[in-house]
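Read through the structure below, which is laid out as structure tokens, and then see the notes.
All residue numbers refer to positions in the sequence shown, counting from 1.
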Amino acid sequence: MKYSIGTPSFNVMAVADTGSDVIWLQCQPCEKCYKHIDPVFDPSKSKTYKNAPCSSQACKLIKNNSCKNGPEESRCQYKVSYDDGSISIGDVAFETLTLGTNATNFHVDNIIFGCGHNNNGIFQPKSTGIVGLGNGPSSLTSQLGAAIDNKFSYCLTPESNIPSLLNFGEKAVVFGPGTVSTPLASGRSPTYYYLTLKGMTVAGKRLDFETKVDPIGNTGNIIIDSGTTLSFLSADFYNRLESLVAAQIKSERVTDPKILRPPIKLCYKSSTSTLKAPPITVHFDGADIVLNQLNTFFKFGDGKGKLCPLSQLNVVSCNHIISIIAYALLIQYS
């Protein structure tokens, strides 16, 4: 997503992530920064940049914070890590942030963000940081709060030449024919957006998604996360789902371990025009969503037409991540 920060404004391209809370970008001086295309933000050149003291409420909002002594009051520092091993470490600060186009700019003063001086991991060269859109108090959506009526929506497209959309406030409302709604459910983490998955149907055969009863009454059993490309399902459920999907596809299945690397299991030697994958109906609490081939399969491998489904077997948590519904669908959070 595009935004600008500081005074004068500094343009930033970052990854929007509903699975994390902290807003951060690479900053000068860089102790260890990953390579990216655009210039690095220099806070010393912004009139509105302010470091957050350790005693500030802003510091307390950051989950993993620490203090760094300096010539003035101790500065608050953050450390954020991701499941793929990527990390960002730097100063917690306040800054002016601008969203929107030149015609409809929306300025927000004193946004709490991380000025990252030590950033390492699997980050895209076109991106200079992460915009946390999670449910926790330090995320962009939580900080904007009432200003956007606690609403945002996005539509992520699978084609690089078609822009994805991210809207806030009134423009985020999703309506019209085919619109369905499922309530956000309670879960163990304050960051994640939980849903209640009831099951999936393939070719008229329904699989119930059975989970253990949470001892403290949480109803969410799956996470929706824009920052996770593939979908994570429990091994038992995935195996049953794979069998139903595979039974409906007549294309040649790929079994070569040199091509079929974990965690990908279901793969076909077929182009997008010849593969015929069955629709998968996902049953949430109060809403059914039909996923077509565009939503469930993606190009994979050496560019010779091999395709693999957006499903993974490897599961390391009882709260499983699902991002399969993000592609080419318009999703509203409120």
Side-chain angles (χ1 to χ4, degrees), residues 16-19 133-135 141 150-158 164-167 172-214 216-245 277-298 309-313 315 317-334:
D17 181 20
T18 62
L133 299 176
N135 208 22
T141 45
N150 295 300
K151 294 184 177 73
F152 74 98
S153 66
Y154 61 77
C155 180
L156 305 180
T157 63
S164 297
L165 301 175
L166 175 64
N167 290 304
V173 178
V174 179
F175 60 93
T179 302
V180 295
S181 177
T182 183
L184 292 174
S186 57
R188 297 190 178 191
S189 170
T191 295
Y192 298 136
Y193 295 101
Y194 290 87
L195 302 178
T196 303
L197 177 65
K198 299 290 189 177
M200 295 185 182
T201 296
V202 179
K205 297 181 179 179
R206 174 163 173 158
L207 299 174
D208 290 329
F209 189 73
E210 299 176 355
T211 54
K212 296 180 180 179
V213 177
D214 190 284
I216 58 175
N218 290 319
T219 58
N221 60 9
I222 204 160
I223 299 163
I224 180 169
D225 180 10
S226 67
T228 304
T229 304
L230 303 179
S231 301
F232 290 77
L233 300 170
S234 61
D236 176 66
F237 185 84
Y238 171 80
N239 288 335
R240 290 184 290 145
L241 179 67
E242 181 192 284
S243 296
L244 292 182
V245 173
I280 300 175
T281 302
V282 183
H283 307 288
F284 292 106
D285 183 14
D288 293 340
I289 299 176
V290 179
L291 303 179
N292 296 308
Q293 185 171 303
L294 175 66
N295 310 110
T296 56
F297 281 77
F298 71 101
L310 281 175
S311 291
Q312 289 194 28
L313 174 62
V315 177
S317 171
C318 60
N319 291 322
H320 312 304
I321 301 170
I322 183 168
S323 61
I324 195 169
I325 64 172
Y327 267 26
L329 293 176
L330 183 56
I331 302 173
Q332 176 185 331
Y333 295 68
S334 59

Subject >> From CA spacing to verdict: side chain to side chain contact (heavy atoms under 4.5 Å, CB included), Asp225, Tyr192 >> reply: CA-CA 8 Å; Asp225 180 10; Tyr192 298 136; 5.6 Å; no
Original post:
Taking the side chain from Thr219 and the backbone from Thr196, do they hold a donor-acceptor pair closer than 3.5 Å?
Top reply: no
Subject >> Residue pair Thr182 / Ile289, side-chain heavy-atom distance below 4.5 Å >> reply: no
Subject >> Interatomic distance, Ile223 atom CD1 to Thr191 atom OG1 [nearest 0.5 angstrom] >> reply: 10.0 Å
Original post:
Step by step, would you call Phe237 with Met200 a side chain to side chain contact (heavy atoms under 4.5 Å, CB included)?
Top reply: CA-CA 10 Å; Phe237 185 84; Met200 295 185 182; 3.9 Å; yes
Subject >> Reported CG-to-CZ distance for the pair Leu233 and Arg240, which is rounded to 0.5 angstrom >> reply: 11.0 Å
**OP:** Start with the C-alpha distance between Leu207 and Thr201, add both sets of side-chain angles, then the distance that settles side chain to side chain contact (heavy atoms under 4.5 Å, CB included), and finish with yes or no.
**Re:** CA-CA 6 Å; Leu207 299 174; Thr201 296; over 6 Å; no
Subject >> Gap between atom CG of Leu197 and atom CG of Asp208 - 0.5 Å precision >> reply: 10.0 Å
**OP:** Would you confirm whether Tyr193, through its side chain, and Gly134, through its main-chain N or O, come within 3.5 Å as a donor-acceptor pair?
**Re:** yes
Original post:
Which heavy atom in Arg206 sits nearest to a heavy atom in Gly199, and how many Å separate them?
Top reply: NH2-N, 4.3 Å
Subject >> Nearest atoms (heavy-atom pairs only) where Ser181 meets Ala287 >> reply: O-CB, 3.5 Å
Original post:
Are the side chains of Asn218 and Tyr194 in touch, meaning some heavy atoms are under 4.5 Å apart?
Top reply: no
**OP:** Over all heavy atoms of both residues, which pair between Asn221 and Phe209 is shortest? Give the atoms and the distance, please.
**Re:** ND2-CD2, 3.6 Å
**OP:** Using atom types as modelled and distance alone, determine if a side-chain donor or acceptor of Asn167 lies under 3.5 Å from a backbone N or O of Ser153.
**Re:** no
Original post:
What is the minimum heavy-atom distance between Ala277 and Gln293, and which atoms define it?
Top reply: N-OE1, 3.1 Å
Subject >> Asp236 CG to Leu241 CG distance, which is reported to the nearest 0.5 Å >> reply: 11.0 Å
Subject >> Validation row: Asp285, Leu195 side chains within 4.5 angstrom (heavy atoms) >> reply: no
Original post:
So, do Thr18 and Tyr154 sit near enough that their side-chain heavy atoms are less than 4.5 Å apart?
Top reply: yes
Subject >> Pro278 side chain near Val245 side chain, heavy-atom distance below 4.5 Å >> reply: yes
**OP:** Using a 4.5 Å cut-off on heavy atoms from C-beta on, say whether the side chain of Ser226 contacts that of Leu156.
**Re:** yes
